[in-house]
Every structure is written in C-alpha cells, then in structure tokens.
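Report on the structure given below.
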Amino acid sequence: MDQTNTMDQSTTPAAVKADTQAEDVTESPSKRMKLSHDTSPADKPASTERRKGIAPIKAEYLIDMTKSSAASAEADDDAAEAAGKTDPKATAGRGGPKSKGGQNHNRQFGNSRDAIELCKSRVHVNEFSPQACQFGAKCRYEHDIRKYLKDGKREDLATFNSLCPIFEIKGTCSAGWKCRFASSHSKEVEHEDGRKELVLVQKDTQTNGTTDDDDEGVSGNGVVNLVDAATKIKLRKKIFPTPKSDQYLQWIEARSKEDPPDEPLVDADGIEITNGKHDNRATYREPPLKPSEKRRIYYGPETPILAPLTTQGNMPFRRLCVSLGAQVTWSEMAMGLPLLQGEKGEWALMKAHESELSPPAYSGKTVVSDYNNSKDLKFGAQIAANKPWLALKTTEVLTALAPHLRAVDLNCGCPIDLVFRQGAGSALLDSPTKLERILRGMNVVSGEVPITVKIRMGTKDNHPTAEKLCRKLVLGTEDSKETGDGPAGVAAIALHGRSRQQRYTRSADWEYIASCANLVRKLKTEHADAVDTIHEPDARDLSNSTTATRDGMPYFIGNGDILSHVDYNTHLNDAGVDACMVARGALVKPWIFEEIATNQYLDKSATERLGYIEQFARNGLEYWGSDELGVGTTRKFLLEWLSFSCRYVPLGLLEHLPPKLGDRPPAFRGRSELETLLSSGNYKDWIKISEMFLGPAHKDFRFQPKHKSNSYEIEAEG
Ligand SMILES: Cc1cc2nc3c(=O)[nH]c(=O)nc-3n(C[C@H](O)[C@H](O)[C@H](O)COP(=O)(O)O)c2cc1C
Ligand SMILES: [Zn+2]
Ligand SMILES: [Zn+2]
C-alpha cells in the first residue's frame, strides 16, 4: 500500500513512468490514475497549453463548478503568515486562553474540555490509592474516578483500533484516566474481598508519566529544550541573571555617551540615506567581551531547510518533515520580550523533538574545516527583537536555557504591521547599523551557538535593499568600520526573494537572490582587503572564520516558491546559493524533502497522504496529550495544516510539470474519493478528515479559517 508513483527528472508528464503497481489499491479501480506515456504535451491540442497562474489539470479531472457545491480555499498566505501574530500583545506577550503547547491563540478554537474535570490528584492513580488533594474540601474538581469516567468525559475514541497511540509506543500514557483511549490502558480488577477497583495498566516497570500542570512538556516523550516553571518565574520576576548582556550593554552605553553615534537619517519612505556615520568617531575601544568560538555549521545541497513557520511549523509538523528528509528545521518565530518575561507560550515554541537533534546530512564533498557533523543538529530557534538590549538578553537566556540549538536566527523578514511598527522583523532591513549592533551583540552572548539572519529583499516594492545589506553584513557597516568593531559575524544569511510590501502577490525573485548570492561570494575577496583597515577583526567575530571554504563568509540561502526537487535543484545551480529553504512547499507536500533526497517526482497516493495526516495526528497526541484538551489542540493544528495541504494537486492529474506554488487549480476531482476529499478547500471536510483519527469534534470546538473565502460560515463551526 505504501507505494509511491515515481516520476523522473523530466519536466513533462510524458516521462512519467508507467507504474501500475504503484496505484492505490485501496481506492476504487474506476478512479485509478493511469500513468502512461500518452499524455505528452506534444500530442495535445493548443487548448491544453499552460496558462499562467492556473494549474494545468487534465481535462478528465476537471469538474463543472456550476453544478458543484464544493467550496474552495482561496489561499491567503499573508493572512497565514500573520496568523497568531495579530494580537496587540504579540510583542509584549501573548494573551488569550492558555492551552497545551502554548501556541498562538488569537484565533479562538474553542475549549475542548471534559464536562466534569478530574482532579489532578486522581489522574495517575488507581481507584483505591488516591493521593491527597492539596485543595482538600475546596477543590472544585472531581475525585471520584468512576463518576468522572461515566459523566465527566466523552466516550473513548475508536480510532487507532481503540489503542492509545502513546501507550503503544511508550508503555505508559501521560494522560492517565483523562486519556481518550484510557480503556486501552486501564481495567477493573476484583480483589479477594470482592471489591472491584479501577486500575491503570502499565506495559513495563516504568512509572506513570505525569501530565505536568505547568506544561513543561510531556517529558519523556522525546521533547527537548524544556524549561521548568521555577525558571520561568525567575524570568518573570526579572531575577534570572544575564551577566554577559549586562556587561556588554553597559560598555556600549558608556561608549555611546563618550561618542554618541548619529542616528541614521531616513527619507520619507523610511529608507536610510546616511549610514549613521559620525564624523569624528573616536578610536577603537576594546569591548569587555568577545564572542566565543562558534560551533561550525554546514549548509549545502544535501541540507534542504524547513523554513520558520508561525503556527504551522509546530513540533508535530516539523517531526513529520524530518521523517521525510528535512535536514534543518526552525522554530516558529518567538518574540523576544515574552521569552524574556518567562511566558509559557513563547517558551513552548523553543521545544524540539529528539529527531531534530540528529545531525543534518553531510556528504563531506565540501570540506569545511573544524566542522564536526556529529556535533551538529537540525533545530534552530528564530527570534524577533527590535532593540539591542532585548535581542542580547533574549539570546543569552535562550542559549542558557535551551541547550539544543543549532543556531539562533534573527527574524528580519516578518512583514506584519504589529511587529514592523515596533521596529522588529522586516523593519530592521532599513536600519542596517542597528541590525549590525544587534547581531554582533547576539554573537557576543550566545556562547558557542552561531547567529544567523533571515531577511527579505527590502521593505518597499521595486526598491530592493538586500544586496546592500548583504554587503554590510559581510564586510561591516560604515559604523563598524569606524569603530573597528568589524562585521556582525553571522554564520548564515537566508533571503526570501520578496519585499515586505509585495507579500505573496508575485513570484519570488530568484534573479535577485542570485545576484545577492554572487555578491556574497565575491565579497570573499573584498573581505580579505577589508580586514587590513584600522583593526583586523578578531577571528572569533566571524562565526565561520576558520572554515576552509568560507573564509569567514556566511552561508547564503535562498528561499521562495520551491515546490519540487526540480525547483530546488534549479535554484541551487542557477542562483548559486549554498542551500535552499522551503516554506509553503513543505506545507503543501511535506514529502518535497523526499523528492529532493531521491531527486524524483513522487506522485503520492491519497492513502499515503492520509498516512502523513495520521502521522501528524500521532505526533500531535504525543506532544499535546491524548486527553480532551490535547485532542482538541491536535485537531486545531491539523486543520491549520490541512488548509495548506489541500492545495496539493496530485502530479498524475497535471498536464504539465513542474507544479508551481503560485498556480491555482480549477475545480477538479481526484482519482479516488479520498483524493478528492484531500483536495477540498472546505473546512468542514478538513474536520471530517480530522475525525478519521481524532474522532468527532468536541461540541465546543471552533475553527476560524484564516482564508478570505466567504464560503465558510461561522454557523457551521459549532
Ligand atoms: C504560514 C506562514 C508562516 C510564516 N512564519 C514565519 C516565521 O515565523 N518566521 C519567518 O522568518 N518567516 C515566516 N514565514 C515566511 C517563510 O519562512 C518563507 O520565507 C516564505 O513563506 C517564502 O517561502 P515559500 O515561498 O517557500 O513559502 C511564514 C510564512 C507562512 C506562509
Ligand atoms: Zn482535588
Ligand atoms: Zn493513553
């Protein structure tokens, strides 16, 4: 069943291999796709020629929309990117209801809770061995396990063969009696005196896991970078020490008082005119701290990168992508201030799965001196900050408390107003001097963790500034040349080939990406000249400085519109980037990483695609928990993902390859009912799909689709 129809590298379906074996045996034969050689575009009438912006679906799969009630998802990637970051408190801390995993909650998804909630003191114990409840008579939760099971919780789920998927793997279930599969790990035993007791079963000698009240992660479930509640309280009370940042910031302040830098002059559009250069800049002053030697990282053709994705790039999704071949993963963007204030929700974003700790692929073809692949890992954290103090302290705290980080990336691409207005995200593109100070400072306090940066082409359309910025990131700004501080020392620059203003309206500009990549390569030589100015930068300021191939130059990564291994390879070769980053392409088809690894099109069957959805559901239950709340959270994030994955147009339905991310499909049916269902843009169908693994949605479950389409009625959400 787990067969995959493969297509070779050619870009016409004529090259599709006839592979009848690979057909989806579970699906009705009448709807099976025939992969054959009879579909060469050369044989086709002109009407089947590729039309810009429209997915070229074979005529036999098109459906007449006038007769169809199917609602289609009108993709709104701007809304998707901003989702979860529109809360006015977003930069100060996230409001909204608390939920497991602490994700973004500004779009309400209801409260999936038990009708009667079981007291924590009862969750993991047998009926006759109750623990004392610390709230005694005042406790408002249920203490009678039988009553809770009968009236408090919904009936157990019949999915996964009624077997708790967590218990099946772990031999224990952290949700205890609250698990929606509790009957698969509990029983009633009769004692000698005839009394009957409800007991929880364990597969082995492990003790029951505990559902941590403070969401320190379902530890023991392969989750790392957990921060305990006591530490978060210290952060909240501002008593968690940040000695490196304090010392460095004091020094900066003292220096600026002696020698106040000019603020860069900006024009009406916010574009910097001067570079903040001060005429009588004083001589170099030795900073009190230098960056530590950084752990070497590697980016190459063999390391396709999963982009940072707010809401979508949650741990269960990243885990799925890693299993399909993603070699580098990024956290969702976390805001500096709430991290620094110990906010649970923001710290939850820093959690990684153990599979993200394994080293990225490394062929060894590119020799990078001092690179030790076995010390490298996949997962990095992305943060947003608008001021040096915030960025430094956040970085210091983060690298102190989350030990498993490949790198810390500063977001300079986030387009949303809220972040932009505060001077973070893409606003930093227009303040290169400030940006450099931020990045340099992050480098000083991050220990061995390299600092990277993700940028856009610029803030304004038709006014790309990234090339200039790359020069400054590599050689240093005028300011740092004057002060002798040298360049910021980023280990990598990732460029999304769009401006802030442009959002997702047009294709990413890979020509521009190529020119920046070119420049960065060229600067290698210029850099050699630049270092013999006033002060030779300390080798430690340059995060990859001793690498044989890089000569202190950052890796350069391109990002935008990659939907297949063909896009990936083309851009790698033509744009001359070190590696490519994939965002929406991975949401639409996470097996893009498998395509890249195997260098071939994979026409996944609907059953296989459903298998990935199942995998997400399993990952989600393991991470968010298998109780009512965890099932609700898993469903919410599954639906978020389905809002992207429904955009996948099965390869076998296409008249022309390659598929394009910007193409919108006309209404079509799939080769099976399941394939048609998986392509539905109607969120009611997404709920239906979620129910295959998570059972009927809770009566209070809500899902507010982010798409602009008006075919979603709020009425139907109840
Ligand atoms: C839903 C969504 C969420 C995103 N969240 C982030 C984020 O947290 N941090 C970031 O740097 N970029 C974010 N981006 C931008 C992507 O990382 C990427 O740069 C952009 O989507 C272009 O790549 P693509 O054409 O492969 O989608 C987001 C994009 C989308 C669609
Ligand atoms: Zn109690
Ligand atoms: Zn369970």
Side-chain angles (χ1 to χ4, degrees), residues 75-85 104 117-123 130-143 156-157 160 163-170 172-186 200-201 208-209 211 305-313 330-335 349 382-384 409-416 419 425-426 453-456 494-498 503-504 507-508 557-563 567-568 571 580-588 592 621-622 625-627 630 640-641 643-644 661-662 706:
D76 182 352
D77 294 334
D78 297 325
E81 184 167 354
K85 291 285 188 293
N104 313 314
E117 294 196 55
L118 185 64
C119 176
K120 268 182 64 188
S121 67
R122 298 295 187 273
V123 174
Q131 286 170 358
C133 167
Q134 63 178 119
F135 301 102
K138 284 193 192 141
C139 182
R140 57 194 179 92
Y141 297 108
E142 184 56 56
H143 296 92
D156 269 13
L157 290 171
F160 299 107
L163 298 172
C164 171
I166 294 145
F167 185 78
E168 286 301 291
I169 318 169
K170 306 278 169 195
T172 179
C173 172
S174 54
W177 292 111
K178 291 172 73 173
C179 175
R180 297 290 313 282
F181 304 87
S183 48
S184 71
H185 47 70
S186 64
L200 285 165
V201 179
N208 271 328
T211 312
I305 304 154
L306 175 66
L309 288 161
T310 295
T311 307
Q312 302 279 350
W330 288 103
S331 75
E332 300 175 48
M333 175 179 78
M335 305 305 300
L349 303 177
Q382 189 189 57
I383 61 165
D409 185 74
L410 182 71
N411 179 310
C412 297
C414 181
I416 70 166
V419 175
S426 55
V453 63
K454 181 162 177 280
I455 62 176
R456 282 189 182 238
L495 172 61
H496 172 197
R498 286 189 177 82
R503 300 282 174 106
Y504 288 94
S507 306
I557 292 144
N559 164 234
D561 297 342
I562 294 178
L563 187 59
D567 296 335
Y568 184 85
H571 294 320
C580 292
M581 181 184 265
V582 186
R584 290 165 305 155
L587 296 172
V588 170
I592 185 172
L621 293 176
E622 205 179 307
S626 53
D627 57 351
E640 294 278 10
W641 174 36
S643 77
F644 270 95
L661 200 50
K706 61 189 168 289

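These values consider heavy atoms only, across backbone and side chains, with no hydrogens, waters or symmetry-generated copies. Starting from 1, each residue takes its place in the sequence as its number. Counting convention: from 1, in listed order, for ligands and their atoms alike.
A donor-acceptor pair is defined here as one N or O able to donate and one able to accept, closer than 3.5 Å; no such pair exists between the side chain of Ser426 and the backbone of Cys412. Not one N or O on the side chain of His185 forms a donor-acceptor pair closer than 3.5 Å with the backbone of Ser183. Judged purely by atom type and a 3.5 angstrom limit, Asn411 has no side-chain atom pairing as donor or acceptor with the backbone of Ile383.
Shown in contact with Arg584 at under 4.0 Å from a heavy atom are these atoms of ligand 1, numbered in order with element: 24 (P), 25 (O), 26 (O), 27 (O), 31 (C). Less than 4.0 angstrom separates some heavy atom of Asp561 from each of these atoms of ligand 1: 24 (P), 25 (O), 26 (O). Interface atoms of ligand 1 facing Arg498, defined by a heavy-atom separation under 4.0 Å, are 25 (O).
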Checklist entry - Where do Glu142 and Arg122 land on the salt bridge (Lys or Arg N to Asp or Glu O under 4.0 Å) test, with the steps shown first? => result CA-CA 8 Å; Glu142 184 56 56; Arg122 298 295 187 273; over 6 Å; no

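His143 contributes NE2 as its N, O or S atom closest to the Zn ion (ligand 2).
Contact record, Gly313 with Glu332: O-CG, 3.7 Å, taken as the closest heavy-atom pair.
Considering only non-hydrogen atoms, atom 16 (C) of ligand 1 lies nearest to Lys454 out of Gln312, Glu332, Lys454. Comparing Met333, Gln382, Glu640 by heavy-atom distance to atom 9 (N) of ligand 1, the nearest is Gln382.
Contacts with ligand 1 closer than 4.0 Å are made by side-chain heavy atoms of Asn411 only, the backbone lying farther away. At a 4.0 Å heavy-atom cut-off, ligand 1 touches Thr310 through backbone and side chain alike. The part of His496 lying near ligand 1 is the side chain, judged by heavy-atom distances below 4.0 Å.
For the side-chain contact (heavy atoms from CB on, under 4.5 Å) criterion with Asp561, the lone passing option out of His571, His496, Arg498 is Arg498.
Between Ala583 and ligand 1, an N or O atom pair is found at a separation short of 3.5 Å. Polar contact with ligand 1: present for Pro308 (N/O pair, distance under 3.5 Å).
Taking 4.5 Å as the limit, some side-chain heavy atom of Asn559 sits within range of a side-chain heavy atom of Lys454. A heavy-atom distance below 4.5 Å is found between the side chains of Met581 and Trp330.
Using 4.0 Å as the threshold, Ala508 has no heavy atom nearer than that to any atom of ligand 1. Residue Arg456 places every heavy atom at 4.0 Å or more from ligand 1.
Rounded to 10°, the angle that SG of Cys119 and SG of Cys139 form at the Zn ion (ligand 2) is 120°.
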